[in-house]
Amino acid sequence: MPITSPHLSSSEAWTDAKLLYALEEVVENELNRHLKAAKDWMPHEYVPWSDGRNFPGFFEDGEAWDPAESKVSDIGRIALVVNLLTEDNLPSYHHEIATLFGRDGAWGTWVHRWTAEEGRHGIVMRDYLLTSRAVDPDKLEQFRMAHMAEGFESDNRHSMLHSVAYVAFQELATRVSHRNTGHQSGDPVCDRMLARIATDENLHMVFYRNLLGAAFEIAPDPTMQAVRDVVVNFRMPGHGMPGFERAAAQMAIGEIYNLRIHHDDVLQPVLRYLKVMDVSGLGPEGLKAQDELGLYMNGLDSEAAKFDEKLAARKARLAARAAG
């Protein structure tokens with residue numbers, strides 16, 4: 001796709017307003033591609049409604065939740081709650097990107113389309129969890145209230161480029177988390193639902209990844225700095241929810257999302273596709289950021305290897321205990 005915007009060598013020359021204008025044509029092209037690739041789907045078609053029963057409250061025949069009723073594995077239940085609570089903050093995410101990208105033109109059309117598609121994810125996940133009685137509904141609602149009452153502020157709200165870089169990785173991270181949760185859930189219905197959600201997340205990743213690639217073409221130095229900053233300081237958007245650290249540790253051990261997955265299945269695919277480590281024509285700031293990014297990725301790979309060893313040792317201990 002042709003980019004007719006001027007190439008500015010200085011990072012300071014690129015403001016958010018100039019970048020928004022320079023990338024407008026790219027956004028329009030990517031939006032049109034996305035709309036052709038995206039397929040409408042009905043959340044209610046993925047929910048096992050016949051499994052549903054009344055909960056206690058206004059209904060005299062309500063039955064209290066019992067964990068034994070759930071078809072979902074323990075690790076699947078933990079990950080589903082984390083994934084749903086993350087989706088619940090959609091109003092805050094919409095506010096963040098609408099403030100950064102605007103509500104007009106191709107940017108605005110994308111913001112609203114993305115929000116509408118993401119809304120389906122929370123709808124179908126909550127309907128599934130409550131209908132299948134996979135989680136304690138009271139605790140789920142208490143967690144939702146606590147999480148949303150805290151509010152959400154993106155680490156990258158100060159910069160449009162940082163925000164684009166972040167979502168290019170985060171959308172892929174979300175897709176991977178949903179997909180692995182489905183595989184580990186133990187319920188084919190859950191797996192099918194999360195596979196459908198993951199398809200959306202992948203299309204969202206492609207949109208932002210391609211937009212990030214265009215930003216490298218017109219503003220390589222500030223884009224490289226943004227990618228460096230985002231990769232080094234990456235946090236999932238649900239980091240502020242109640243009990244997130246414990247849940248994240250359990251998801252890491254359960255191989256839903258951990259350092260190895262983050263390195264191999266999230267960061268590396270985007271960096272390789274965009275050939276970030278091969279970008280040329282960088283100034284001193286861009287070269288410094290590129291070098292620091294390479295050093296960080298090497299260090300992360302080493303940390304992931306240590307985690308792999310600990311996880312393998314844990315599996316061996318559990319296997320020996322089961323055999324004995």
Side-chain angles (χ1 to χ4, degrees), residues 30 79 82-83 86 93 97 154-157 159-181 183 197-217 219-239 244-245 247-249 251-280 282 285-311:
E30 286 301 314
V82 169
N83 292 350
T86 300
Y93 308 149
I97 66 171
S154 168
D155 295 333
N156 304 289
R157 62 189 180 279
S159 160
M160 173 272 211
L161 262 184
H162 282 72
S163 296
V164 169
Y166 176 75
V167 288
F169 295 106
Q170 184 267 322
E171 293 282 4
L172 182 52
T174 304
R175 169 203 154 194
V176 168
S177 181
H178 282 314
R179 206 67 196 93
N180 289 343
T181 299
H183 292 329
I197 292 174
T199 299
D200 281 1
E201 303 291 8
N202 194 63
L203 288 175
H204 297 164
M205 178 277 292
V206 170
F207 178 94
Y208 287 118
R209 183 197 64 192
N210 292 352
L211 188 57
L212 186 62
F216 266 116
E217 290 185 36
D221 282 322
T223 303
M224 185 65 74
Q225 290 173 280
V227 169
R228 184 268 322 273
D229 294 344
V230 163
V231 168
V232 169
N233 300 299
F234 186 88
R235 295 195 297 175
M236 290 294 274
H239 61 81
F244 178 77
E245 289 76 13
M251 289 168 67
I253 293 170
E255 297 183 86
I256 287 176
Y257 201 94
N258 55 40
L259 282 178
R260 174 54 63 201
I261 293 169
H262 183 60
H263 178 278
D264 290 1
D265 300 338
V266 175
L267 298 181
Q268 283 286 30
V270 175
L271 295 175
R272 273 199 307 267
Y273 183 89
L274 297 176
K275 298 182 174 59
V276 171
M277 302 312 299
D278 299 322
V279 171
S280 59
L282 295 167
E285 293 177 348
L287 286 170
K288 180 173 181 286
Q290 191 177 47
D291 289 342
E292 289 175 349
L293 177 61
L295 289 171
Y296 177 81
M297 290 299 294
N298 290 337
L300 183 63
D301 190 35
S302 298
E303 289 298 313
K306 293 176 186 176
F307 175 84
D308 291 341
E309 292 174 5
K310 291 179 181 178
L311 188 59

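- Here the shortest heavy-atom pairing between Ser177 and Ile256 reads O-CG2, 3.9 Å.
- Using modelled atom types, no side-chain atom of Glu292 and backbone atom of Arg228 make a donor-acceptor pair closer than 3.5 Å.
- Evaluated for a side-chain contact (heavy atoms from CB on, under 4.5 Å) with Met297, the options Val232, Leu271, Val276 yield exactly one hit, Leu271.
- If you take CG on Leu300 and NE2 on His262, they are separated by 6.0 Å, rounding to the nearest 0.5 Å.
- Salt bridge Lys288/Glu285: absent, no basic N to carboxylate O contact under 4.0 Å.
- Note: Leu161 CG to Phe216 CZ = 9.0 Å, rounded to the nearest 0.5 Å.
- Here the closest heavy-atom approach between residue Asp264 and residue Pro269 is recorded as O-CD, 3.3 Å.
- Taken to the nearest 0.5 Å, the OH atom of Tyr296 stands 12.0 Å off from the CG atom of Asp229.
- Under a 4.0 Å N-O distance rule, the pair Glu171/Arg175 does not qualify as a salt bridge.
- Looking at Thr174, its side chain does come within 3.5 Å of a backbone N or O of Gln170 through a donor-acceptor pair.
- The minimum heavy-atom distance between Ile261 and Asn258, with the atom names listed, is N-OD1, 3.0 Å.
- Closest of all the heavy-atom pairs between Ala219 and Thr223 is O-OG1, 2.7 Å.
- For the atom pair NE2 of His263 and CG of Asp308, the computed distance is 10.5 Å after rounding to the nearest 0.5 Å.
- Minimum interatomic distance between Phe244 and Met236 (heavy atoms only, all atoms of both residues): CZ-CB, 4.4 Å.
- Without hydrogens or angle criteria, Gln290 side chain to Met277 main chain gives a donor-acceptor distance under 3.5 Å.
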Checklist entry - Are Arg260 and Leu311 close enough, and set up right, to give a side chain to side chain contact (heavy atoms under 4.5 Å, CB included), and what steps lead you there? => result CA-CA 11 Å; Arg260 174 54 63 201; Leu311 188 59; over 6 Å; no

Checklist entry - How far apart are the C-alpha atoms of Lys306 and Glu303, what are their side-chain angles, what is the distance that settles it, and do they pass the salt bridge (charged side-chain N to carboxylate O under 4.0 Å, His left out) test? => result CA-CA 5 Å; Lys306 293 176 186 176; Glu303 289 298 313; 3.5 Å; yes

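- In plain terms, the two heavy atoms of Val176 and Asp265 that are nearest each other are CG2-O, 4.0 Å.
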Next on the checklist: Is there a side chain to side chain contact (heavy atoms under 4.5 Å, CB included) between Val266 and Tyr257? Walk through the geometry before answering.
Outcome noted: CA-CA 10 Å; Val266 175; Tyr257 201 94; 3.5 Å; yes

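- Between the CG atom of Leu274 and the CG atom of Leu212 there is a distance of 5.5 Å, given to the nearest 0.5 Å.
- Residues Glu30 and Leu211 form no side-chain contact, since every pair of their non-hydrogen atoms from C-beta on lies 4.5 Å or further apart.
- The shortest side-chain heavy-atom distance between Val227 and Phe169 falls under the 4.5 Å cut-off.
- Checked against Tyr166 for a ring pair (Phe, Tyr, Trp, His ring centres under 6.0 Å), the options Phe234, Tyr208, Tyr93 give a single hit: Phe234.
- Residue His178 holds its NE2 atom at 5.0 Å from CD1 of Ile197, rounded to the nearest 0.5 Å.
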